[in-house]
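Only one structure is covered here, and it is reproduced in the block below.
Note on naming: letters A, B, ... go to the chains in the order of the sequence lines (proteins, then strands), and numbering restarts at 1 for each one.
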Amino acid sequence: MVLYRKGIPIWRDTKIISWAAQILSTILVISLLVFLISNLLNAANNRGFSLGFDFIHQEAGFPISESVVDYKESDSFLHAFYVGILNTIRVAVIGIFFATILGTLLGIARVSTNWALKNLSLVYVEIFRNIPLLVQLFFWYFIIFQSFPKVQDAISLPGGIYLSNRGIFLPNLVFSTESAITLFACGCLIILMIFSLYKITALPETYFARIKRILVYMASAITIVILVYVLTTQLQVSIDTPELGKFNFEGGLRITPEFAALLLGLTIYTASFIAEIVRAGIQSVPKGQYESAYALGLSKTETLKLIILPQALKVIIPPMINQYLNLSKNSSLAIAIGYPDAFFVGRTMINQAGRAVPIFGMVMLCYGLISLMWSVMGNLFNRKTNVGRN
Amino acid sequence: MITEQERSIFSITTSIYNWVRENLFSSPLNVLITLCVFPFAFYLFISSGDWILNKAEWDAITRNTRIFLIGQYPQSELWRIGTVAFITTNLLGISWHLKGVVFQRLSLIILVPLISVILIPPIFLDISIGLRSWFALVSMGFLLGYLLSKFQNLSTRVLLVSWSLSMIIDFILLRGIEGFGALPYVSTNEWGGLLLTFFLAIIGIMLSFPLGIFLALGRRSNLPFVKGACVIFIESIRAVPLVTLLFMTLIIVPLLLPEGWRLDRVGRAIAAITIFSGAYMAENVRGGLASVPVGQTEAAKALGLGPLLTTTLIVLPQALRNVIPAIVGQFISLFKDTSLVVIVGLLDLVGIGKAVVLGNVEYIDQQAEVYVFIAAVFWVFTFSMSYVSQIIERSLGVGDR
């Protein structure tokens, strides 16, 4: 490598300047890191706290108010954290499901030809996306779900639903393991059937296609007969309705006020953003596309399925995935209303075990992985649809 | 014969009729939707209006207006906050004649609530005379500035300098100087309410904006190490929720700094908000940088501008102008995110609301009123911010070239 070039002073040579900048910035960043880490180690030494992960197999010793899997106080810290992660995933998945449905409906309403519906949706969007999520959560939790009456005089809704300040009690479907497996198999069959029925509609008019179509129809008919037989005779399902016991409802499915408030808040807040994304996506398809599709003789459903949706989805899905990521991260506000998600459990673990640094590492890693999952999905989608390349 | 007047009435009624038919009853489905939506909207409107005017008890807010506005800021030092508000409205008045309507709209957004609070008779709004006179004085500040700008039209540059100077003066006024009798030190721990919310938002915006620009430029750097460090920083901050960062600056960062380097709680919250918002801002700015054509850089080089001047004079102004909506959107979410500091125990607007409700037995039934009030305050400011952003966009002619 030539260190200097003839005729160019050293301080003007871009090559040398860039090398110098490179080395300087490297030294700066590394010395900053060394500075921070040495301070951390010093503090650990002086104040006598440990940075190790050896505590995670010790007994957690704190209760968690709700859990998807079995949990008791004598379980390990690791298991407690696992419970927290599952709770985060539970509220995020259900929240994403409902927010997508509500947001899509609102977004379609935003481009409706009906003036009243359009403006109702606009008012919804402008109200809910401009108020901090935390304030909304407080509102739902403290004002709606905490103001339900005591268990003894719970509000009874038709269908065996009870509203009380200990939560919402719903009838629960209870079935044996075999029945669950049967149900799962039936579900798979139905999906397969719908998928093949969908596939054959797109086949061209040939002789083989006709045979295929007849075969699929026959198979579907047989499947339906089997399904009806299995579902009516082979299934052992009982409905477990909540009954008022001495202090609380017994049986049934209990939705805690914390979970309900968090779910409602996340759904309503995120739906307002999704509505705008859907609106923008629908409006991004030029009018000419509809007109040319009709001119080509496509029907209204065909136009929507083959022309409009593929183009609109390309615009909608990337920001939608971003909103899913936001919802997953916003679920950490659970700590404000006491829903035991990963962050809340992490906080409790810090109080209990006193290992702030490793536990924070675990919490951050957990959210980092969730974000990574969403961004991998976004990238896969972009690669598949070549967004931005045409 | 149909007279001219009758004809015009006739045309108005037909146009209304046409509008209603086209927009509300154009198809059977639309008729159904309209018949469902109108009663629903009407019911919502009437019941919420009834609640606000008749059912709701607002004394939790009207009796604690001072606490909601400024928190525990010492009563003897109130004049300092009054002065800061006066300076701000005064400057707004002076900036009234500045090009574009941005400042006019901003002034209106601030003045209309102020003046309406002063003018609503005490029967309806039970707040102290002192507060009313404070508000009146602050509004007078605007009038004074407006009159001043009538006589002496100040240039944009002078105004920019005075705005920046006023920020510094405001901060010194509010915080005070240790060991200086006239301006005793008021620890930021005593700040609260709307004052703290504004403080967090303004300082957060002022710090995170340059941070975002630096990170975005770093991410585009030719030096692999700088680029890598910026990418890792941006992506790892964006991957975690703000609440974790708030706790991190509260608990972990003091361990990473040598003993004796201590930020107070407000400072730590600002650090978290700045880092978080800066990472998002960097992505917005990066989008803007990518939208500037390469030809601009090449032309600047051909004109003999160095890298520094090319970036600051040619690339950045265009890049930032292209992403104003995204940047303001980030400011809005920063403003909303300041409410999260209540989780780390600061008494911002939300924190004060919670404290008022939980701290007084008499107000425990007024939770709904308190949270609705807080939501309304946030809503007014975020909505105005997006409104002003649209005006800025229009006045800068984005999309017109």
Task: Heavy-atom proximity to chain B below 4.5 Å, by part of A:V357 - done: both
Open item on the list: Please classify the contact of A:L36 with chain B as side chain, backbone, both or neither, using a heavy-atom distance under 4.5 Å.
Closed with: both
Open item on the list: Just so I understand: if I count every heavy-atom pair under 4.5 Å between each of B:F247, B:F38, B:F381, B:F25 and chain A, which residue has the most?
Closed with: B:F247
- [ ] Identify the heavy atoms of B:L255 and A:A43 that sit nearest to each other, and give their distance.
- [x] O-CB, 4.0 Å
For chain A against chain B, give me the donor-acceptor pairs closer than 3.5 Å, one per line with atom names and distance.
from, atom 1, to, atom 2, distance (Å)
B:N23, O, A:W115, N, 2.8
B:N30, O, A:N114, ND2, 3.1
B:N30, ND2, A:T113, OG1, 3.2
B:T34, OG1, A:N114, ND2, 2.8
B:R238, O, A:K329, NZ, 2.6
B:A239, O, A:S371, OG, 2.7
B:L256, O, A:N39, ND2, 3.0
B:Y280, OH, A:K329, NZ, 2.4
B:K336, NZ, A:R129, O, 2.6
B:K336, NZ, A:Y269, OH, 2.9
B:W379, NE1, A:E126, O, 2.8
B:T382, OG1, A:N130, O, 2.8

Task: Pick from B:V350, B:V226, B:L340 with the largest number of heavy-atom pairs that fall under 4.5 Å of chain A - done: B:L340
Task: Toward chain B, the part of A:F142 with a non-hydrogen atom under 4.5 Å - done: both
- [ ] Against chain A, label B:I343 side chain, backbone, both or neither, depending on which of its atoms sit under 4.5 Å from a heavy atom there.
- [x] side chain
Task: Beyond-backbone contact of B:P258 with A:F35, side-chain heavy atoms, under 4.5 angstrom - done: yes
Task: Heavy-atom pair of closest approach, residues A:L120 and B:A41 - done: CD1-CB, 4.1 Å
- [ ] Measure distances from A:L117 to the heavy atoms of chain B and classify the residue's part below 4.5 Å as side chain, backbone, both or neither.
- [x] both
TODO: Report yes if the side chains of A:F139 and B:V372 come closer than 4.5 Å at any heavy-atom pair, otherwise no.
DONE: yes
Open item on the list: Please classify the contact of B:P307 with chain A as side chain, backbone, both or neither, using a heavy-atom distance under 4.5 Å.
Closed with: neither
Task: From CZ (B:F225) to CG (A:L24), nearest 0.5 Å - done: 11.5 Å
TODO: Could you look at A:L40 and say if it's the side chain, the backbone, both or neither that has a heavy atom under 4.5 Å from chain B?
DONE: both
